[in-house]
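Index from 1, following the sequence. Basis for what follows: all heavy atoms, side chains included, without hydrogens, waters or symmetry-related copies.
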Amino acid sequence: LYLLYIDESGRAANPAEHFVLGGLCLHESEVKRMHLSAESILTQYLGQSPDAIEIHADHIRSGRGRWRSIPIETRDSILRDLCNLLGRAPALFCVVRAPEAVASVDPLERSLEELLLRFHSYLARLRGPSQKRLGIVVADKSRYEATVQQVVYQWRSIGTRFGRLHRLVEVPLFIDSRATRMVQLADVVVHVTYRRYTAADKSLFELILPGFVAESGIRHGLVHLAKNYRSCPCPACISRRLRAA
Ligand SMILES: [Zn+2]
């Protein structure tokens, strides 16, 4: 079973804003190792049992909440090390919706659809023993409280429409992000990606970029839904032009 832990950054409901949906995918056997790697980064810098402190990229970067008392150098180092860890992750995915890029009555739908199709294609491309590989999407229930019904409904309609999402468990699993580092790491992925596209803050994004799913030089894991994709210099659009060539 492959788990895709997802989070979002920006507001899907406002078509005039950037919106990022994505996260990290792990095989069930890889979850514990990733968890321990994240814990060891926190312990290294905070020197204590870090269980109680949540990884929240925006708070780490700007020194808010529980991170307020931690020096900026330490916070920067933690975020950089987490991004290096994510850059070596088995598979990252993000769909970046540019402002006014999607002429849809439902602004969440296109991003979710693209993400599910990319995840599904990834599962289908994996090599190895031929048993069917299944995927499940795991999301933070508190972050999704407002949209949970909508997401589940869309999930079903998209699955039906494409008919080929047969590798995905029909509904996403909603959990408390405080209980798992994996959803917190998904938050880092979408936050850093959001900053790349909205604040031209590329340094951390460059660290996670190698983690996005790629095959034969085509970066399937990163999608930029933008009207100017033919000239956009971002890695997703460059990859899209390569694929089309
Ligand atoms: Zn682009």
Side-chain angles (χ1 to χ4, degrees), residues 1-9 20-61 63-67 69-70 74-94 115 118-119 122-123 126 128 133-145 167-169 171-195 204-214 221-222:
L1 183 69
Y2 286 80
L3 301 110
L4 176 63
Y5 296 92
I6 65 166
D7 206 344
E8 61 183 45
S9 194
V20 177
L21 183 68
L24 77 156
C25 169
L26 298 165
H27 185 260
E28 57 186 315
S29 65
E30 297 163 331
V31 173
K32 186 165 188 188
R33 193 174 40 152
M34 183 60 90
H35 176 87
L36 291 174
S37 300
E39 292 306 290
S40 88
I41 290 170
L42 294 181
T43 309
Q44 180 191 340
Y45 290 102
L46 304 177
Q48 55 182 334
S49 171
D51 289 351
I53 193 158
E54 205 174 330
I55 296 170
H56 190 325
D58 190 29
H59 288 187
I60 301 176
R61 193 177 53 77
R64 295 212 310 273
R66 293 288 302 272
W67 294 88
S69 59
I70 297 167
T74 307
R75 289 189 277 110
D76 284 351
S77 298
I78 289 173
L79 208 45
R80 200 182 55 237
D81 283 11
L82 288 172
C83 287
N84 272 317
L85 174 67
L86 289 164
R88 298 190 302 270
L92 302 184
F93 293 88
C94 265
L115 182 69
R118 301 288 169 140
F119 181 36
Y122 170 72
L123 294 176
L126 285 172
R133 287 167 195 81
L134 288 176
I136 186 166
V137 173
V138 186
D140 180 4
K141 69 179 177 199
S142 70
R143 187 89 48 114
Y144 274 74
E145 206 158 25
R167 291 172 189 273
L168 303 191
V169 175
V171 291
L173 176 67
F174 290 92
I175 57 163
D176 185 343
S177 75
R178 286 169 298 184
T180 172
R181 291 283 184 218
M182 297 308 108
V183 171
Q184 296 171 24
L185 290 175
D187 166 75
V188 175
V189 174
V190 294
H191 179 76
V192 165
T193 303
Y194 184 82
R195 298 267 309 165
L204 291 173
F205 181 78
E206 294 298 330
L207 300 180
I208 68 167
L209 182 59
F212 284 98
V213 167
L222 183 65

>> Just verifying a value: how many Å separate Leu82 CG and Leu42 CG, rounded to the nearest 0.5 Å?
In response: 6.0 Å
>> So which atom in Leu85 and which in Ala38 form the shortest heavy-atom distance, rounded to 0.1 Å?
In response: CD2-N, 3.9 Å
>> Working note: Leu185 + Met34, criterion side chain to side chain contact (heavy atoms under 4.5 Å, CB included); need CA distance, chi angles, decisive distance, verdict.
In response: CA-CA 10 Å; Leu185 290 175; Met34 183 60 90; 3.8 Å; yes
> When rounded to the nearest 0.5 angstrom, what is the spacing between CG in Leu222 and CG in Leu209?
Replying inline: 7.0 Å
>> Can you give me the closest heavy-atom contact between Cys25 and Pro90, atom names plus distance?
In response: O-CB, 4.0 Å
> Is the closest side-chain heavy-atom distance between Val188 and Leu204 below 4.5 Å?
Replying inline: no
>> For a side chain to side chain contact (heavy atoms under 4.5 Å, CB included) check, start with the C-alpha distance between Met182 and Leu26, then their side-chain angles and the critical distance, and finish with the verdict.
In response: CA-CA 9 Å; Met182 297 308 108; Leu26 298 165; 3.5 Å; yes
>> I need the Ile175 CD1 to Tyr5 OH distance, nearest 0.5 Å.
In response: 6.5 Å
> With sequence neighbours excluded, what pairs up with Arg61 under the side chain to side chain donor-acceptor pair (under 3.5 Å) test?
Replying inline: Asp58, His191
>> Return the CG to CG distance between Asp7 and Leu24, rounded to the nearest 0.5 Å.
In response: 11.0 Å
> Would Val190 and Glu8 satisfy side chain to side chain contact (heavy atoms under 4.5 Å, CB included), going step by step from the backbone distance to the final call?
Replying inline: CA-CA 6 Å; Val190 294; Glu8 61 183 45; 5.7 Å; no
> Do the rings of Phe205 and Phe212 sit parallel, tilted or perpendicular, given the 30° and 60° boundaries?
Replying inline: tilted
> Between Gly23 and Leu4, which heavy-atom pair has the shortest distance, and what is it?
Replying inline: C-CD1, 4.4 Å
>> The criterion is side chain to side chain donor-acceptor pair (under 3.5 Å); which residues satisfy it with Arg181, sequence neighbours excluded?
In response: Glu39, Gln184
> Heavy atoms, side chains only, cut-off 4.5 Å: are Thr180 and Val31 in contact?
Replying inline: no
>> How close do Leu92 and Val189 get, counting heavy atoms only, and between which atoms?
In response: CD2-CG2, 4.0 Å
> Would you say Ile70 and Tyr45 make side-chain contact, with heavy atoms under 4.5 Å?
Replying inline: no
> When rounded to the nearest 0.5 angstrom, what is the spacing between CG in Leu86 and OG in Ser37?
Replying inline: 10.0 Å
>> Please enumerate all residues that pass side chain to side chain donor-acceptor pair (under 3.5 Å) together with Ser29, with sequence neighbours excluded.
In response: His27
> Hey, does the side chain of Trp67 reach the backbone of Ile55 with a donor-acceptor pair shorter than 3.5 angstrom?
Replying inline: no
>> For a quick test of reading the model, state the closest non-hydrogen atom pair linking Phe93 to Arg118 and the distance between them.
In response: CE2-O, 3.6 Å
> Hey, what do you get for CG (Leu79) to CG (Asn84), rounding to the nearest 0.5 Å?
Replying inline: 10.5 Å
> Do you know the tightest heavy-atom contact between Leu207 and Arg80?
Replying inline: CD1-CG, 3.5 Å
